[in-house]
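First listed ligand is number 1; within each ligand, the first listed atom is number 1.
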Amino acid sequence: MQPLIITAALVGAEVTKDQNPNLPITPEEIAQSAYECYQAGASIIHLHVRDEEGKPTQSVEIFKKTIGLIKEKCDCIIQISTGGAVGTPVEERIAPLSLRPEMATLTTGTVNFGNDVFMNTPKDLVAFAKAMKAYGVKPEIEVFEGGMINNALALVKRGLLELPLHFDFVLGVPGGLTAGIEELLFLKNMVPQGSTWTVAGIGRHELPLANFAILLGGHVRVGFEDNIYYEKGVLAKSNAQLVERIVTLAKILGRPVATVEQARQILNLK
Ligand code: KMH
Ligand code: ZN
């Protein structure tokens, strides 16, 4: 099995400091959290940023500052979110790709998202895919529903995406696909051979899905974007604490954890 790539999703767009006071918000806090996760064993930092009021933003300037601070501390893989927050205009979501990060997310379809709708029209998908191609950014296909895999493969057929693809199965979002082992196996069996995949279980689903992914040869995403608890009723102290637990789990299950360079090789990053 490949070494395990751990992605740390530090901030997200929805979680607030009221929900977990340990949530990093400023570029400095985010960079420190990224560094701690890197030291703990994460190789990819899935990045959202916030404005001065703590609200989600796709500001190129804030992304640039945050990435600069992270890169001063460590050479991890930066994966910018193009998902942003529900309702962020597509042009704003695309804008930070101009920073040419190694990776960025691409959600290949629309999904209910709590009481909202996370819109990704067919036209939007083409715009994201073209921009990633133009800037040489490796996409991570965010999959909230099975049909999103088909949509990604349709973009491959049109020459807008290239195989092998890397997928992230985001399971347990209210309104999206539920977070069971059967759902995970269904998605894993849908992706073309040679693909890589990671799993992001939302809330209490984070840990069981991480276990399954480690055993099945997939990769794992953890962090406050997906889950703010360490265990039932106990808030996580930091993103790194959640990464550390995955490293321990991988050790117990006999799966080595990828270094950043190994992650780059596995994901065919240049
Ligand atoms: N905040 C969600 C609406 C991504 O990062 O690409 C979308 C999201 C996915 O977080
Ligand atoms: Zn995200």
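- Contact between P56 and ligand 1 is absent, with no heavy atom of the residue lying under 4.0 Å from the ligand.
- Ordered by chain and number, H46 NE2, H48 NE2, E225 OE2 make up the set of protein N, O or S atoms under 2.8 Å of the Zn ion (ligand 2).
- A side-chain donor from one of N239 and S33 sits under 3.5 Å from a side-chain acceptor of the other.
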Side chain to side chain contact (heavy atoms under 4.5 Å, CB included), that's the test. Do L235 and Y229 meet it? Break it down for me.
CA-CA 4 Å; L235 290 171; Y229 290 100; 3.7 Å; yes
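- Heavy-atom contacts of H48 reach the following atoms of ligand 1: 5 (O), 10 (O) (cutoff under 4.0 Å).
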Output, in order, the C-alpha distance, side-chain angles, deciding distance and verdict of salt bridge (charged side-chain N to carboxylate O under 4.0 Å, His left out) for R50 and E29.
CA-CA 11 Å; R50 303 291 179 97; E29 287 171 349; over 6 Å; no
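- Among all heavy-atom pairs drawn from K17 and I25, the shortest one is CE-CG1, 3.6 Å.
- We find that E61 and K64 are not joined by a salt bridge, their nearest charged nitrogen and carboxylate oxygen being 4.0 Å or further apart.
- The aromatic rings of F169 and W197 sit parallel to each other, their planes meeting at less than 30°, with 60° as the upper class boundary.
- Protein heavy atom nearest atom 3 (C) of ligand 1, with residue, atom name and distance: E14 OE2, 3.6 Å.
- Of the protein's heavy atoms, G83 CA, 4.0 Å lies nearest to atom 9 (C) of ligand 1.
- Contact atoms of ligand 1 toward S81: 4 (C), 5 (O), 6 (O) (distance under 4.0 Å to a heavy atom of the residue).
- Side chain to side chain, Q32 and E36 meet the donor-acceptor criterion of an N or O pair below 3.5 Å.
- In this structure, atom 10 (O) of ligand 1 lies nearest to the protein heavy atom E225 OE2, 3.0 Å.
- For the pair A13 and ligand 1, the shortest N or O to N or O distance does not fall below 3.5 Å.
- For ligand 1 and V86, the ligand atoms under 4.0 Å from any heavy atom of the residue are 3 (C).
- For the residue pair T178/E183, the side-chain donor-acceptor check at 3.5 Å is satisfied.
- Regarding atom 6 (O) of ligand 1, its nearest protein heavy-atom neighbour is T105 OG1, 2.6 Å.
- Checked against a 3.5 angstrom limit, the closest N/O atoms of E142 and ligand 1 fall outside it.
- For the pair R93 and F128, the cation does not sit on the ring face, since its NZ or CZ is not both under 6.0 Å from the ring centre and inside 45° of the axis.
- With hydrogens and angles left out, the side-chain atoms of H46 and T7 include no donor and acceptor closer than 3.5 Å.
- E142 has a carboxylate O that lies under 4.0 Å from a charged side-chain N of R221, or vice versa, which qualifies the two as a salt bridge.
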